[in-house]
Structure formats: C-alpha cells, structure tokens
Amino acid sequence: MAMAFTCSSSLLLPNYPKPNFHYVGKSGKAFSFLTLHRNKSECESNLTAVKFSTKLKHQDDRSLPFLSRTTIPKAVSHDNTSPEFENLIIRQITKDHPASFWNDALFSAQNQVDETHTKEVVETLKEEVRSMVMNKESKPKDKMILIDTIERLGLAYHFEKEIEDQIAQIFEFEMQNEDKDMDLFATALHFRLFRQHGYDAPSSVFNKFTDGDNELKEAFSNDIKGLLSLYEATYLSYPGEDILKNGNVFATRNLKQALPLLESPLKEKVARALFQPVQWGVPRVEAHYYISFYAKEVSKNDMLLRLAKLDFNLVQNIYREEICEFMKWSKGLDLKSKFPYVRDWSVEMYFWVVALHFEPRDSFLRSLAVKNIVLIGLIDDTYDSYATLEEAKAFLEVLQERWDIKKIDRLPPYMQIIYKIILNTYEELDLELSKQGRSFAVSYVREELKMLTRSYLTTAKWYMGRETPTFQESISIACVDTGVPALVSSCMMGMECASKEAFEWLLRRPKFLEATGLYIRLSNDIGSYKREHNESGFPNTSIDCYMKDYGATEEEAMAKFRELADDALMKMNREWVITKGEPREFLKLALNYARATFISYNQGTDAITYSETGLRKDIEAVLFNPIAIDSTA
C-alpha cells in the first residue's frame, strides 16, 4: 500500500535531514514512514512519493527518533481526499544535552575538615570581628572598607544586624554632611554599599570627579584603585544615570589598558572584576575568589582571613552532606532512564539553590527547594523536547484541576509517570511542612507550578509553529516563563518568615520580579540561541521574533538584547531600593537568581547546560574543594 505525502514546501530545505514520521491511525495502529525528501531530479516544487510500513509500534515508544517541531506533514490518499490518519504524533528533535560528568565518589567522600575544633575557633574569631565592626572609634571610610571586606569574604551573614546598623548610621551622617575631601575610591565604595543595602544614594556624588558634562576627568585615568571602585559602583546604576554609564566606559577602558602592567593581587582583582562585577556575582563563588586575593594583600588582617577560610570550609561541609542526601533522592527517581530527553543536571540544580540561598542555617530550605526545582526541570524538558502539543495541553488540564490520581488515565503512559512523581513529591513536601504548621506554603508553590506550566504551553504553541508571536508577546510572559516566581516560592516554602501574606505579595508580581524575569529571559536567549535556534523558518526564540519583527540581522538582534538586558538590571537596582513593605530576604532570592543567570550566560554561552566547560570550576570550588589552610593563616 502506498500513498502520496504532502508537506509545506517552505519547510523542505535542500539537504534538510531526512526525518522519520510516526502516525497513529483511528484504529490505534501505528505506521512509521521510511523517509521524506525533496526529489532533486525533478522540479523543486515536486515531492517524491513515500512508502511506509505497517510495523506496529506503541505511540509513546521513546526509542523513536525525535522529530522537528516545525516539520508538520499531512497524509492524504491517492485521490487527494481527506486525510486517512488524523492523530499525528510529532516528537521534537532532542536537544543536545550533554551527559553528566560528575563522579559519584564526590557524593560519598568524607568531610576534610575537623568540625569540632574548627567551630570552636570560628566562634572565638567571630566575636573579635564583631567588636571590630562595632568599634565607635573607627572612621567611616575604614568602617566601610571593613564591611566590604567582610561581605566579599563571605562572612556578612554572621554580622547582619551589626552591619545594617553601621551602614544606616554612616548613610544618615553623609547625607547631612558632605565630605568634599573624599577621594574616588571611597566615594564609589560608599555609594555601592549604600545601594546594595537598599539606601538611595544619589549619583550626584560623582559630579566633583567630572568635567561638568558627565565625563570623568582624565586626571583619574591612572587611579587604578579608584577606577576599580568606580567600575564596581556603576553596576548599581538606575536607568538614565548617564554619569554612571559614562563612568563605566571610562573605568573599563582604562582598567583594560592598565591590566598588563599591574602587580598581584591588584592585577587579579581587576581581571576578576572585568570578567565578573561583584554586584552580579554569586556570593559564595565570589567569596572563594576574594579569599585568594585577600591572602596576597600586604595589609590583610590575618585573623579575618583565617575566619574566612575556616568558615568557608565548614559551610562546604554542610553543602556536601546536603548534596549527598539530595543525590540519593534524585537517583531514586531514575529520571534519566525513564525520560532520556531530560537533562542530567542534578548537581547544577543544587548549585543554583545554593546560589539562591547559601546561608548554612537554611539546609531545610534548600532540601525542599531543590526537589521542586527538579519537578520544574522535568516539566520544562518534557514540553521543550518531547511532548506533542496535544499531550502538553492534556497535562496542563490535569495539573490545573484538583490533583487526583484518578485523573491520570487522561495522560499518555510517560506523562502518567511524571504526574505520579509530582504527586508523590508534593505529598512529601506537605508532610515536611505540616510539622511546622506551614502546609499552606505548599498550596502556593503548587499554584506557581501550574502557572509556570501554563506559560510553557504558551511557548510550545508559539514555537511548534501553531502561532507566531511578536517580539513583545514573546517577552510578555518572561516573569513567569523564566520560573522566577516558581523558584522564589520554592525557597520561601522553607522560610518560616514567609507568611500567607508574603506568598500573596509574590502572586501580585512586584516590579522587581518583573524586571528580574525580563533580564533572565533576555540573557538566557542570548546564551542559548545557538542551541535553541533552528533553520525551519519559524521563530524559535525571542531573538528570532525580534529579527522577524524589525528586519534585524542576528548581530543587530544580539546587540539589542544585550542593551535591553542591561536596562533590566538597572531597573532591578532601582526597584531593589524603592521596594518597601516586605522583608528584603524575599527580594534577595530573585536577585540571586539573576546573579546565577549572569554567571551562566553573560559570556554569551550556556554555561549551565554545558557546565563541564562552563560552571564546573565554580561548582567544584563551592561544593567540593576545601580551601587550604596553612599555619600562618
């Protein structure tokens, strides 16, 4: 039996890979096509006849080749009447997801730090540092340098109240008493710390260093410490602050020119800043780097350095224990075996949770959050790499209704497994939180998962060729689609201070979260464009949508996206300062999500998916490799 096969000729490109198609007829019998290709010996508009076999296969057999989401064939009979088969199964092309390279031995190795003795030493050193922070005899500049050092060494979580009190006092004093003699280094340092702590420091403090036209005076081009401090401060700018925009250009140019001539450790500090500004770095990663820089400082405080090293290793011990437990849970799910299309990135998921909330006291938070993030990743990869549009719709419908195992028959077999995993995991989460009387948090997290899945369906409709969104439409759901509320709520679930009112606040989508989502969408699309883009002619990313709407080249679109991403970061800076009424701890979760995104995509590549050549060094430093402590430290 043979029949003609027609397909939109615009989708059949020369040398296009020959796809295998999988049909399911009304009777439930499946038929697999052999090949479809353009007949190059005839007119370009003609297609070859296609034979197919009647070999029966289960419609959800995952051994089938994944098909292009945009190559949509139509089966017709010889006389061109109605299609004989209506229920077409189109699987998408498998994404190039690398296999996990992490050695299982990492998750069973013994801690390399003597905790009992170390904890005693740490407690003694902490009291000495606390006295330094609260010292009333210290000058504001010295106090701010100390606070900045403590924060960059990763120790600030021990002295949160003391630091906040000092910052508040210094800010109030300086707003009432202008210090005309403060140099560029100190001015920029104070400005950065004020804004990082939520104080609306005016950018006009830099006017005295300009030529009157928002351009820095050339006299400062050789002030390397001042330029480095200014450079870091510019990443706290608001939209429209030209003095800081110009300051960034000035500082970047002069720091790059001076870099080859600098000596250690200033050379390492400048190189790191040019690669990764501290404002958008993951705190625990930056602490690891800064400890190595600080150890080379001639004027270092040995006691502070010793505390930083010991504390880093103690916290790493906690992470190692947590990830061992998480990996046992993750391996128990056996996702890679059941769903070959799913990314095998459990270690990277846990690292991102650490990036969102690193404090050692919050192990419970991380244990809950990472499990929910696994579910998010499972749904994301299913919608993005395997599910048909009809299956995606069915899954969302079941998820939207009252979660009930009785609804499972409405799903194909592989989705039934996913649904069971979700139900079981949420039962586990609910059991854990009910012990604290906070089971209400699970219902809010579940609602966020539903909304996230709905956004996945929307993008699936767009990028399977059923609809063509405008660029503005493609980014309009960025806040939800990037998982900002879902990830923030996952962490809030484990925070006792997160009340019902706090979750309701999250549902209102504050502007800070909107700006965060937009930045993440733009950065993600820049970094993953090469992997996500296809040559079908249909827009497959928001970059494709922009190119289509504005007739832009890929290079022009990329430049525009970088500009828009920078604007989104500046909006985050502004909203960070002006947003009031909720604990800053919730905003910090979204801020840290943006930071994790920055280190994953800022170099124009997808360093999280391809972590072996991307984030591996940072992940190993934070999770697995303790800092060496010599006798002089």
Side-chain angles (χ1 to χ4, degrees), residues 326 349-359 362-380 383 396 399-400 403 421-457 477-521 524 572 575-576 579 581-597:
F326 166 62
M349 285 183 175
Y350 176 77
F351 174 76
W352 268 49
V353 173
V354 170
L356 263 65
H357 213 288
F358 81 85
E359 285 83 346
D362 288 314
S363 290
F364 181 68
L365 178 159
R366 287 186 290 275
S367 70
L368 299 184
V370 71
K371 291 176 181 178
N372 197 51
I373 292 174
V374 166
L375 302 184
I376 292 172
L378 175 57
I379 297 173
D380 184 19
Y383 273 53
L396 178 61
L399 205 63
Q400 294 284 32
W403 291 22
I421 291 173
I422 292 174
L423 289 180
N424 291 338
T425 302
Y426 271 80
E427 286 180 5
E428 180 182 340
L429 297 176
D430 187 72
L431 179 62
E432 289 293 325
L433 285 169
S434 63
K435 298 174 183 177
Q436 298 181 351
R438 298 186 64 253
S439 58
F440 67 85
V442 179
S443 62
Y444 282 101
V445 174
R446 189 163 52 196
E447 287 304 311
E448 293 291 0
L449 184 67
K450 292 178 183 179
M451 285 185 272
L452 178 60
T453 305
R454 188 184 303 125
S455 75
Y456 288 164
L457 178 60
I477 60 172
C479 181
V480 175
D481 180 55
T482 54
V484 175
L487 265 67
V488 170
S489 67
S490 295
C491 292
M492 289 173 60
M493 179 169 52
M495 300 169 68
E496 290 190 25
C497 64
S499 62
K500 291 182 179 180
E501 290 74 21
F503 282 100
E504 290 293 335
W505 165 82
L506 182 63
L507 286 172
R508 293 193 293 271
R509 304 298 184 244
K511 291 182 179 180
F512 184 83
L513 267 67
E514 292 283 356
T516 303
L518 179 58
Y519 167 72
I520 293 171
R521 172 79 287 135
N524 184 293
M572 287 180 63
E575 294 300 325
W576 172 260
T579 300
E582 290 295 334
R584 195 161 296 275
E585 202 66 22
F586 303 148
L587 292 181
K588 190 181 293 184
L589 294 169
L591 173 64
N592 286 337
Y593 184 12
R595 287 168 167 166
T597 300

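We find the CZ-CD1 distance between R446 and I422 to be 11.5 Å, quoted to the nearest 0.5 Å. Note that CD of E427 and CG of L431 are 9.5 Å apart. Values are rounded to the nearest 0.5 Å. Taking CG from L487 and OG1 from T482, the interatomic distance works out to 9.0 Å, rounded to the nearest 0.5 Å. Put simply, CZ on R454 and NZ on K450 are 9.0 Å apart, with the number rounded to the nearest 0.5 Å. Taking CG of L368 as the reference point, atom CD1 of I373 lies at 11.0 Å (rounded to 0.5 Å). Rounded to the nearest 0.5 angstrom, L423 CG and L375 CG are separated by 10.0 Å.
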List, one per line, each side-chain donor-acceptor pair under 3.5 Å for residues 497-504, sequence neighbours excluded.
residue, atom, partner, partner atom, Å
S499, OG, E501, N, 3.4
S499, OG, E501, OE1, 3.1
S499, OG, A502, N, 3.3
E504, OE2, Y444, OH, 2.7

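Shortest non-hydrogen contact noted between V353 and A369 is CG1-CB, 4.3 Å. Contact record, L356 with Y593: CD1-CA, 3.8 Å, taken as the closest heavy-atom pair. The two residues F512 and L591 have their closest heavy-atom pair at CE2-N, 3.8 Å. Of all the heavy atoms in M572 and A594, the pair that sits closest is CE-CB, 3.6 Å. Here the closest non-hydrogen pair linking S490 and I376 is OG-CD1, 4.5 Å. A pairwise comparison of heavy atoms in D481 and L452 identifies O-CD1, 3.7 Å as the closest pair.
Using a 4.0 Å cut-off between charged side-chain N and carboxylate O, K511 and E514 make no salt bridge. Of the charged side-chain nitrogens involved, none lies within less than 4.0 Å of a carboxylate oxygen, so that E496 and R438 do not count as a salt-bridged pair. Of the charged side-chain nitrogens involved, none lies within less than 4.0 Å of a carboxylate oxygen, so that E575 and R509 do not count as a salt-bridged pair.
Under the side-chain contact (heavy atoms from CB on, under 4.5 Å) criterion, L589 pairs with H357, V488, C491, M492, M495, sequence neighbours left out.
Between T516 and T597, the closest side-chain pair of non-hydrogen atoms is not below 4.5 Å. Looking at P510 and W505, their side chains come closer than 4.5 Å, going by heavy atoms from C-beta outward. Two residues are said to be in side-chain contact when any heavy atoms from C-beta on lie closer than 4.5 Å; T425 and N372 fail this criterion. Between L506 and F586 there is no side-chain heavy-atom pair separated by less than 4.5 Å. In this structure the side chain of V370 never reaches within 4.5 angstrom of the side chain of W352, judged on heavy atoms. In this structure, V484 and I520 have side chains that are in contact, with non-hydrogen atoms separated by less than 4.5 Å. Looking at Q436 and F364, their side chains come closer than 4.5 Å, going by heavy atoms from C-beta outward. Contact check for L396 versus Y383: side-chain heavy atoms found under the 4.5 Å cut-off.
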As a quick check of understanding, evaluate side-chain contact (heavy atoms from CB on, under 4.5 Å) for L507 and E448, giving each step before the final call.
CA-CA 8 Å; L507 286 172; E448 293 291 0; 3.4 Å; yes
Checking L433 against F440 for the side-chain contact (heavy atoms from CB on, under 4.5 Å) test, could you report, in this order, the C-alpha distance in whole Å, the side-chain angles of both residues, the deciding distance, and whether it holds?
CA-CA 8 Å; L433 285 169; F440 67 85; over 6 Å; no
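Remark: the backbone N or O of W576 is not paired with any side-chain donor or acceptor of T579 at under 3.5 angstrom.
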